[in-house]
Protein chains: 2
Amino acid sequence: MGISERKERDKLEMRKNIIDAAMHMFTHEGYENASIRKIADKIEYSPATIYLYYKDKDELLYDVQAECFKKLVTIFKKDASAAEPFTRLGQIFDTYVKFGLNNPEMYDLMFIMKSPMNNLDDKEIWKNGNEAFEHVVTCVQECIDHQLIKFDNVWLGAFSVWGMAHGLISLDIRCRIKVMHMDESQILDAIHASIATYLNHIKK
Amino acid sequence: MGISERKERDKLEMRKNIIDAAMHMFTHEGYENASIRKIADKIEYSPATIYLYYKDKDELLYDVQAECFKKLVTIFKKDASAAEPFTRLGQIFDTYVKFGLNNPEMYDLMFIMKSPMNNLDDKEIWKNGNEAFEHVVTCVQECIDHQLIKFDNVWLGAFSVWGMAHGLISLDIRCRIKVMHMDESQILDAIHASIATYLNHIKK
DNA sequence: TGGATTTGCTAAACACTGTTTAGTAAATTT
DNA sequence: AAATTTACTAAACAGTGTTTAGCAAATCCA
């Protein structure tokens, strides 16, 4: 009997429906305005229905986050594909920064907001972020193998690179760069200059 | 007549009262549980009273943030006071990281949360953060003057240093380091190792 | 086919949140 | 002593995430 299979499909379709609505709400109206009620409105169901498919808002946001990471990984594959490892490291940096600045709401959900991480067990690995991070790890590993950067520990290298990029982006997104007398384009220049300088500093 | 002066004092005292209660609530129960109602409860006034002294929650949090920065600057003066600039740069780094990891709620309010920055005009400078940042700037300037680091632009140097430190701390505070198979003490080691490595890389 | 049961969904409520309004009692001024 | 200003609050408004009770429609079993 294919009924239970169809129901399984329906269930997944409904979840997809909810995720899409949430994602749209999120990127077009901002997180503040993406309430369960409004998401429910968008898909023309009652708010309570969402709780039949998701235990709470955090669980839903975790799935939306997964969607965001799919986009980032796709962009990584497209725009950071140079064969030469150090060149690719630079591309990864640029792609990451561009993604963050062009999609602040997504970046927020992926790397800044508390919410979708609340449900994650302390020991559990963060599946959503893992694939994207592996891109960095692989690249850093190749750089080390070819003696292109001043790191010998992969994790340390990948973590440092990520840390620098995230620091710059998140300070900007959360409006903390106002300690300097800079307008928007100057800030952008500063971010890119910082990254270029950093790459220079770790280059062997 | 000293009456209006006393009233001015009373007004300031009340604001101090509110700030202290908010700060306590914030650091002891976390931001999520620091509602206007609970802060009002703590100082034994009605919630509406707080709105006689602050236009909204953001404005209050901005003052609490100021208090947090006072603490950071005090610690900077105490624990990052080496005369030798590059040594001091390392101390600033360590102090900053230690402060962030020991006071995640304060760090959140100072550098991650959207809230207290909402009221700030786009062109307005961020007074709260400025003094602390000037510590970094001064130190980086001295490092450049003595040709101790591979930077020639002060702002770029200070911004990069800050970006790296902030990136590592905020990824940790917001539970994003779960991409690596690490327990808490390993993460701490990774953060310190990243900073030590970074300092090594920018050292001339 | 027809009655029992399960499924999918929702209206309404609960317990919160930040914020505003209308009104009151006390302090101050005239 | 009367008028006015000040300091404060109870109650409401509009919103939030979430739960509960109940209702039709689809499905299952006789």
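Throughout, protein chains are lettered first and strands after them, A, B, ... in sequence-line order, and every chain is numbered starting at 1.
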Point to revise | Candidate nucleotides dT18(D), dT9(D), dA7(D), ranked by approach to the side chain of Ser46(B) - the nearest | key: dT9(D)
Exercise for review: Please check the phosphate of dT7(C) (OP1 and OP2 only) for any side-chain N or O of Lys11(A) closer than 4.0 Å.
Suggested key: no
**Study point:** Rounded distance in Å - NZ (Lys55(B)) to P (dT19(C))
**Key:** 9 Å
Point to revise | Salt-bridge contact Lys42(B)-Asp20(B) (side-chain N to carboxylate O under 4.0 Å) | key: no
Check your understanding: CG of Leu52(B) versus P of dT5(D): gap in Å, rounded?
Key -> 18 Å
Review point. With a 3.5 Å cut-off and just heavy-atom distances, do the side chain of Arg37(A) and the base of dG15(D) make a donor-acceptor pair?
Key: no
Point to revise | side chain to side chain donor-acceptor pair (under 3.5 Å) against Asp56(A), all qualifying residues, sequence neighbours excluded | key: Asn119(A)
Exercise for review: Output yes when at least one side-chain N/O atom of Lys38(A) is less than 4.0 Å from OP1 or OP2 of dT16(D), else no.
Suggested key: yes
Review point. With a 4.0 Å cut-off, would you call Lys98(A) and Asp79(A) a salt bridge?
Key: no
Practice item. Decide if atom CD of Glu142(A) counts as having more than 12 heavy atoms of other residues, nucleotides or ligands within a radius under 6.0 Å. Key: yes
Check your understanding: What's the CD-P distance between Glu32(A) and dT19(C), to the nearest Å?
Key -> 12 Å
Exercise for review: Would you kindly give the CG-to-C1' distance between Asn33(A) and dG17(D), to the nearest whole Å?
Suggested key: 16 Å
Point to revise | Minimum-distance nucleotide (side-chain atoms of Tyr45(A) versus dC9(C), dT19(C), dC8(D)) | key: dC9(C)
Review point. Taking CD1 from Ile50(B) and C1' from dA7(D), how many angstroms apart are they, rounded to a whole number?
Key: 15 Å
Review point. Does a side-chain N or O from Thr49(A) land closer than 4.0 Å to OP1 or OP2 of dC9(C), or not?
Key: no
Review point. Within less than 4.0 Å of OP1 or OP2 of dC8(D), is there a side-chain N or O belonging to Tyr53(B)?
Key: yes
**Study point:** Sugar-phosphate only, base, or nothing, as touched by Tyr54(B) at under 4.0 Å among non-hydrogen atoms
**Key:** nothing
Check your understanding: dT18(D) C1' sits how many Å from Asn118(A) CG, rounded?
Key -> 16 Å
Exercise for review: Ignoring the backbone of Met14(A), work out which of dT18(D), dC9(C), dT10(C) is nearest its side chain.
Suggested key: dC9(C)
Check your understanding: For Tyr53(A), is the NZ or CZ atom of Lys11(A) found under 6.0 angstrom from the centre of its six-membered ring and inside 45 degrees of the ring axis?
Key -> yes
Check your understanding: Tell me: CD1 of Ile36(B) to C1' of dT9(D), nearest whole Å?
Key -> 15 Å
Point to revise | Side-chain N or O of Ser35(B) closer than 4.0 Å to phosphate OP1/OP2 of dT17(C) | key: yes
Revision key, fill the gap. Separation of dC13(D) atom P from Tyr51(B) atom OH, nearest Å, is 17 Å
